[in-house]
There are 2 protein chains.
Amino acid sequence: MAKKTRITNNIRTLRFMAGEMTQQQLADEVGVTRQTILAVENGKYSPTLELAFAIAKVFGRPLEEVFSYEDE
Amino acid sequence: MAKKTRITNNIRTLRFMAGEMTQQQLADEVGVTRQTILAVENGKYSPTLELAFAIAKVFGRPLEEVFSYEDE
DNA sequence: ACATGATGTATGAAAAAGCTAACATCATGA
DNA sequence: TCATGATGTTAGCTTTTTCATACATCATGT
């Protein structure tokens with residue numbers, strides 16, 4: 001992926017809309033560590049496709065409502 | 001990602017529906033090598049979220065129409 | 001004041017994704 | 001027949017993602 005692209009996400013918002021779900025709870029549900037959720041949520045790196053799908057599923061949303069792609 | 005999940009895709013079908021687009025052309029459009037397209041298309045590994053978004057965009061489809069997530 | 005829980009930071013190592021390059025197979029057309 | 005283009009395979013290497021662990025900060029409640 002040579003192009004400069006950016007992935008943003010609404011995980012933090014969705015967690016709180018889902019009844020104050022903590023990072024740890026989300027991590028447990030998708031089977032990763034809390035650090036991974038933290039890093040993804042804060043945009044340190046973007047998740048694998050599997051993880052992205054898993055997170056979207058927890059919130060009952062299509063993937064594109066959780067993660068946004070912006071090319072540039 | 002501890003859970004056993006699988007990502008499938010319709011890249012091959014979409015390429016041919018897009019006027020016999022070759023792996024090389026798709027690779028060029030999304031900025032990766034042909035080997036990467038080949039590996040993703042044949043399920044050797046799943047792409048990063050960025051690449052998945054980029055591929056979906058080339059075909060003008062939502063990401064979930066190109067890649068499918070199946071948990072188990 | 002102190003314990004607890006949620007979040008953030010940092011580091012080092014493992015695993016997965018992607019690259020380059022070379023070579024093989026197969027179909028098509030000149 | 002031979003060249004070409006598309007696809008597939010393999011190997012070694014780099015970069016990115018994830019894990020594991022430890023520690024810091026901050027708000028809350030007792």
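Chain naming here is simple, since letters A, B, ... match the order of the sequence lines and numbering starts at 1 in each. Just the heavy atoms: all of them, side chains too, but no hydrogens, waters or symmetry mates, feed the values below.
Comparing B:Gln25 and B:Leu38 by the nucleotide of DNA chain D whose heavy atom lies nearest to each, the residue mapping closer to the 5' end is B:Gln25. If B:Leu49 and B:Arg34 are placed on DNA chain C by their nearest nucleotide, the residue sitting closer to the 5' end is B:Leu49.
Heavy-atom distances under 4.0 Å link DNA chain C to no residue of residues 9-18 of chain B.
For the pair B:Glu64/A:Phe53, a side-chain contact is recorded, criterion being any heavy-atom separation below 4.5 Å from C-beta on.
For D:dC19, one of the phosphate oxygens OP1 or OP2 lies less than 4.0 angstrom from a side-chain nitrogen or oxygen of A:Thr36. Contact annotation: B:Thr48 does not reach the phosphate of C:dA16 (side-chain N/O to OP1 or OP2, under 4.0 Å). Checking the phosphate oxygens (OP1, OP2) of D:dG8, a side-chain nitrogen or oxygen of B:Gln23 falls inside 4.0 Å.
With hydrogens and angles left out, the side-chain atoms of A:Arg61 and A:Asn10 include no donor and acceptor closer than 3.5 Å.
Rounded to whole Å, atom C1' of D:dT4 lies 15 Å from atom CD of B:Gln24. In this structure, A:Glu41 atom CD and C:dT7 atom P are separated by 7 Å, rounded to whole Å. Note: CD1 (A:Ile37) to C1' (C:dG5) measures 18 Å, nearest angstrom. A straight line from CG of A:Asn42 to P of D:dT25 spans 18 Å, rounded to a whole angstrom. In this structure, A:Lys44 places its NZ atom 12 Å from C1' of D:dT18, rounding to the nearest Å. Between A:Met21 atom CE and C:dG5 atom P the separation is 19 Å, expressed in whole Å. Following rounding to the nearest Å, A:Glu20 (CD) and D:dT28 (P) show an atom-to-atom distance of 12 Å. Atom-to-atom, CG of B:Leu51 to C1' of D:dT17 comes out at 15 Å; the value is rounded to the nearest Å.
Salt-bridge annotation for B:Glu50 and A:Arg6: absent, with no side-chain N of the basic residue lying under 4.0 Å from a carboxylate O of the acidic one.
Judged by distance alone, the side chain of A:Asn9 and the main-chain N or O of A:Ile11 form a donor-acceptor pair under 3.5 Å. Looking only at distances, a side-chain donor or acceptor of A:Gln25 sits under 3.5 Å from a matching main-chain atom of A:Thr22.
Clustering ILVMFWY residues whenever any of their side-chain heavy atoms sit less than 4.5 angstrom apart, transitively, puts B:Phe67 in a cluster other than the one holding B:Leu38. Criterion: ILVMFWY side-chain heavy atoms under 4.5 Å apart, direct or through other members. Under it, A:Val40 and A:Met17 are part of a common hydrophobic cluster.
Nucleic acid contact for B:Thr22: sugar-phosphate only, since backbone atoms but no base atoms lie under 4.0 Å from a heavy atom of the residue.
Judged by atom type and distance alone, A:Gln35 does not reach the base of D:dT18 through any side-chain donor-acceptor pair under 3.5 Å.
Looking at the side chain of A:Tyr45, the nearest of the listed nucleotides D:dT10, D:dT18, C:dT7 is D:dT18.
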